[in-house]
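Notes follow the structure.
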Amino acid sequence: MAPNIVVLGAGVVGLSTAVPHSGGNSWGKCHYCRRQIYQGYNSDGAAGMFRPTLLLTPAPSEDIFRRWCEDSFRWYDVISRSEESPVAGIYPISGYELSTEFKEYPYHHKMIYNFREMTPREMQSFPGNYKCGWCYTTLIIESRYYLPWMMKRFRKNGGKVINQTVKNLEEFTEKYDLLVNCSSLSSRELFGDKEMTPIRGHLIRVKAPWVKHFLIVDNADTYIYPGQDNVALGGTRQKGIEDLTHEQVHFDDVMRRCCAAIPSLKTAKIEQQWIGLRPFRSVVRVEGEEVNIKGKTLKVVHNYGHGANGVTLSWGTAVHATEIAKKMLQCARCVPSKL
């Protein structure tokens, strides 16, 4: 009999993990349980540039991080070259990355396309005093298109969606053979993970169709990402702050920095101001364990803590988590928890 599986999560990591479970030669019945507690925590507001940064998302090792990045890029790249590209919201985009300090090449420079150093003349064309810069082509993954596209694939392959607030894990112990935990910040309450920390970010979407290239300044402290319908401007990284109260001062600061980089944005019409919480962990957790709940055992595979790289790494960590899940269902014992 095929195993019964539930994926717990409300964002791109959870949905990416649910799709491999239900797609292709299905090896189990999969439910996707959306525990939507943090209104600013859902992935659909993310800017979605493929730009992996090991510094912002620590992995168990650099080899594992590289594997996650390469698996994700291959997946996104295939979609970007298909007829599904506009529907899925994934397509190539070229632009510039600038730094006010001398830096090594960005981590992803061997994965993407057309990477080269910018000339001094190119750097001087932007306001500011930049020490180095790069020009390259990468991929945009617009979550507000990508998530509905993925959900359609999940349902088409027989997956079922459950919308509920999960208060404890006891309800899953006898109903499912395996739970895949992609609940991120909610893992603090559900699994006692004290390493989870929110990093608050602010993003503005403006109407600026004349902006055709992305621009990243100082490791994405400031970024400008053109999308299909508007341009995403960011950002902020406020560690440990979970309050989603709208404070205009932060949005004004984002707009000021972006307009300093591209002055024509001063005339752009603001369409949306959004606050989100990046689910950061000291090390991204992709591993299995057996959880004892009132004398009952629940097999769990964890996949959370991606920080600023949730969209970028979601498919790669989903592939990894699926491999762990298959092994756990084939053996009686599993990897002990590292918490």
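We're numbering straight along the sequence, starting at 1.
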Output all residues satisfying side-chain hydrogen bond (donor to acceptor under 3.5 Å, both in side chains) with Q228, sequence neighbours left out; order by chain, then residue number. none
Residues at least two apart in sequence or cross-chain that pass salt bridge (charged side-chain N to carboxylate O under 4.0 Å, His left out) with D252, listed by chain then number, are none
Do the ring planes of [X] and [Y] sit parallel (below 30°), tilted (30 to 60°) or perpendicular (above 60°)?
X    : Y    : answer
F191 : H302 : perpendicular
Y107 : F65  : perpendicular
F50  : Y76  : perpendicular
F251 : H246 : parallel
H202 : H250 : tilted

Check whether more than 12 heavy atoms from other residues, nucleotides or ligands sit under 6.0 Å from atom [atom1] of [X], and answer yes or no.
X    : atom1 : value
E104 : CD    : no
R116 : CZ    : yes
K110 : NZ    : no

Qualifying residue for side chain to side chain donor-acceptor pair (under 3.5 Å) with E142, from W149, Y225, Y91: Y91
Check whether R200 reaches the backbone of D243 with its side chain - one donor and one acceptor, N or O, closer than 3.5 Å. yes
Is it true that E287 and R281 make a salt bridge, defined as a side-chain N closer than 4.0 Å to a carboxylate O? no
